[in-house]
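Chain letters run A, B, ... following the sequence lines, proteins first, then strands; residues in each count from 1. Basis for what follows: all heavy atoms, side chains included, without hydrogens, waters or symmetry-related copies.
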Amino acid sequence: MKPRHKRLAIIVGGLAAIGIAAALILNAFQSNLVFFFTPTQVASGEAPKGRPFRIGGLVKEGSLQRTDITARFVVTDTAKEIPVTYKGILPDLFSEGKGVVAQGELGQDGQFTASEVLAKHDENYMPPEAKAAVDQAHAASKTLKQ
Amino acid sequence: MNWGSTSEFFAMGGYGLYVWGSFGVTAAALLIETLLVRKRFSDTRRTLRRELAADRDSQDQS
Amino acid sequence: MSQRFVNWFKFASPASFYPLAGKAWPWFAALAAAFCAAGLWLSFFVAPTDFQQGEGYRIIFIHVPASWMSMFIYCVMAFWAAIGITFNTRLSGMMSSALAPTGALFAFISLWTGALWGKPMWGAWWVWDARLTSELILFFLYVGYIALTAAIDDPRRADKAGAIVALVGVVNVPIIYFSVKWWNTLHQGASVSLTKAPSMATTMLWGMLIMALAFWMYSIAVALYRVRAIILERERHTTWVAELPEMQQ
């Protein structure tokens with residue numbers, strides 16, 4: 001084996017070792033890297049108890065009520081739901097039917113009191129006219145199915 | 001064309017601070033990097049020229 | 001066969017790469033300027049308003065290309081590091097150190113524009129989700145590489161130490177890329193990927209791709225210019241440097 005090949009072998013071996021180590025570490029830390037829990041995860045008891053955590057999902061259509069600076073809405077992942085109360089300014093992209101991540105504590109009554117509300121938007125970018133066309137197409141395909 | 005007037009263009013639909021803050025800092029950063037790289041090169045070249053000239057002088061004297 | 005091998009190594013020597021880089025960088029600089037002008041025009045005057053984010057989404061035209069560049073430049077650095085360790089060529093270390101500051105700059109731009117985008121849209125300048133955290137780690141890897149190589153006086157040993165950082169750190173790049181798939185993040189998924197059609201209006205997509213090309217050309221031009229300075233610094237005691245036309249007075 002030439003020294004050059006030997007060095008190459010060492011590099012490849014080293015890289016593989018680092019890669020495997022990183023994969024293992026990341027796997028072990030996976031639970032800590034979770035940014036938010038879905039309502040289903042909360043219902044099955046996966047969320048931490050007794051300390052603040054984040055929930056994420058969609059703002060249920062028709063659930064948003066505002067009184068002064070207090071906002072009440074329901075976060076849903078279409079399977080389970082969590083009612084949320086929040087005092088403060090909501091981000092620009094916050095709206096019904098859109099993604100949301102809220103940090104706060106879950107009370108005994110199942111009510112989630114948020115201290116921070118973040119809007120989670122999707123990866124779609126298009127002009128309003130295109131969006132209207134897409135919505136229309138969806139509506140049309142729905143009526144056709146029925 | 002998206003803009004009715006110049007002020008509309010600068011307002012960016014209310015996001016002016018964020019949009020121009022992004023584009024402005026990026027432009028400044030790239031410009032500064034370019035200037036620093038040019039300075040590094042010309043400084044090195046100047047020092048080397050001086051060193052080489054000094055070498056030649058000392059060789060001529062001996 | 002052996003002929004090609006010799007030629008390849010010819011350009012790997014600093015003495016022949018120095019004039020080549022000197023001839024090449026103005027072309028890349030001109031391309032960068034042209035793509036930048038076209039990209040900005042597309043970004044502001046052709047690409048339409050977004051249905052959700054209004055005009056605020058226009059930050060995407062630098063945020064995404066800068067993030068791509070920050071990851072890509074790190075991969076190129078790791079490639080040169082691997083070449084340097086395997087073949088023990090002098091030029092590869094110089095290429096790595098010429099790329100690092102530009103990569104760090106793009107990582108910074110990615111984080112900066114991301115903060116300015118996150119505040120109005122998400123409601124936060126910064127969150128510790130997997131995407132943002134791994135990009136911050138990338139920035140620290142660049143800074144670590146620059147600091148480490150600057151701290152070691154002997155350039156060859158500095159190259160070796162830097163190469164190890166570059167090779168170990170490259171593991172982070174796929175983590176950044178796939179973070180939005182592997183974990184629950186606040187950051188949305190990729191709009192452009194190789195596996196599915198882009199979820200963007202065509203003119204928006206073009207604006208982003210042309211800006212990415214502009215950043216690409218800029219990076220090549222700046223790295224070539226910087227590598228020339230590095231070559232002069234390191235090879236200053238050689239006869240070929242003394243015989244360069246720009247060294248005669």
Side-chain angles (χ1 to χ4, degrees), chain A residues 3-12 14-15 17-23 25-27 29-38 41 54-57 88-95 98-103 116-132 134-135, chain C residues 47-54 56-58 60 78 81-83 85-88 117-124 127-134 163-164 167-172 174-175 179-180 182-193 196 198-205 208:
Chain A
R4 183 182 290 165
H5 292 154
K6 206 170 171 182
R7 270 203 298 269
L8 186 67
I10 292 170
I11 293 166
V12 171
L15 269 182
I18 293 160
I20 292 163
I25 292 167
L26 285 170
N27 204 28
F29 278 91
Q30 186 135 24
S31 52
N32 294 325
L33 271 166
V34 172
F35 189 69
F36 60 80
F37 295 89
T38 62
Q41 284 174 315
R54 295 192 193 86
I55 56 165
I89 301 159
L90 293 164
D92 289 8
L93 284 189
F94 182 93
S95 68
K98 292 280 189 262
V100 68
V101 172
Q103 174 157 28
E116 189 183 24
V117 170
L118 303 171
K120 179 173 162 60
H121 63 81
D122 57 29
E123 65 273 28
N124 297 313
Y125 302 91
M126 59 183 110
E129 309 87 68
K131 174 63 182 164
V134 169
D135 289 345
Chain C
T49 308
D50 181 59
F51 76 105
Q52 285 189 90
Q53 306 189 24
Y57 92 97
R58 290 183 198 278
I60 202 173
I83 296 275
I85 292 183
T86 321
F87 297 102
N88 217 3
W117 197 0
K119 184 61 186 169
M121 298 305 165
W122 296 344
V127 292
W128 291 101
D129 85 345
R131 172 54 77 77
L132 279 69
T133 309
S134 53
I164 293 166
L167 283 174
V168 172
V170 82
V171 175
N172 188 39
I175 294 177
S179 55
V180 289
W182 290 345
W183 300 289
N184 284 340
T185 54
L186 184 62
H187 198 288
Q188 70 283 4
S191 298
V192 181
S193 82
K196 66 175 177 71
S199 49
M200 281 179 99
T202 321
T203 45
M204 295 176 178
L205 182 67
M208 213 166 84

- List in chain and number order the residues that pass side-chain contact (heavy atoms from CB on, under 4.5 Å) with C:Ala47, two or more places apart in sequence or in another chain; answer none if no residue qualifies. C:Tyr57, C:Arg58, C:Phe61, C:Met204

- Query: Taking only residues two or more places apart in sequence, or in another chain, which ones meet C:Val180 in a side-chain contact (heavy atoms from CB on, under 4.5 Å)?
  - Reply: C:Arg131, C:Thr185, C:His187

- Item | Distance in Å, C:Lys119 NZ paired with A:Asp92 CG, rounded so as to fall on 0.5 Å steps | 10.0 Å

- Value rounded to 0.5 Å, distance of CG in C:Leu205 from OH in A:Tyr125: 12.0 Å

Shortest non-hydrogen contact from [X] toward [Y]:
| X | Y | answer |
| --- | --- | --- |
| A:Leu93 | C:Met121 | CB-O, 3.6 Å |
| C:Val127 | A:Leu118 | CG1-CD1, 3.5 Å |
| C:Ala124 | A:Glu116 | CB-OE2, 4.2 Å |

- Item | Structural part of C:Ile60 lying under 4.5 Å from a heavy atom of chain A | side chain

- Message: Between C:Gln53 and A:His121, do the side chains contain a donor N or O and an acceptor N or O under 3.5 Å apart?
- Response: yes

- May I ask you to name which of C:Gly123, C:Pro48, C:Ser191 has the most heavy-atom pairs under 4.5 Å with chain A? C:Ser191

- Contact origin within A:Val117 toward chain C - heavy atom pairs under 4.5 Å: backbone

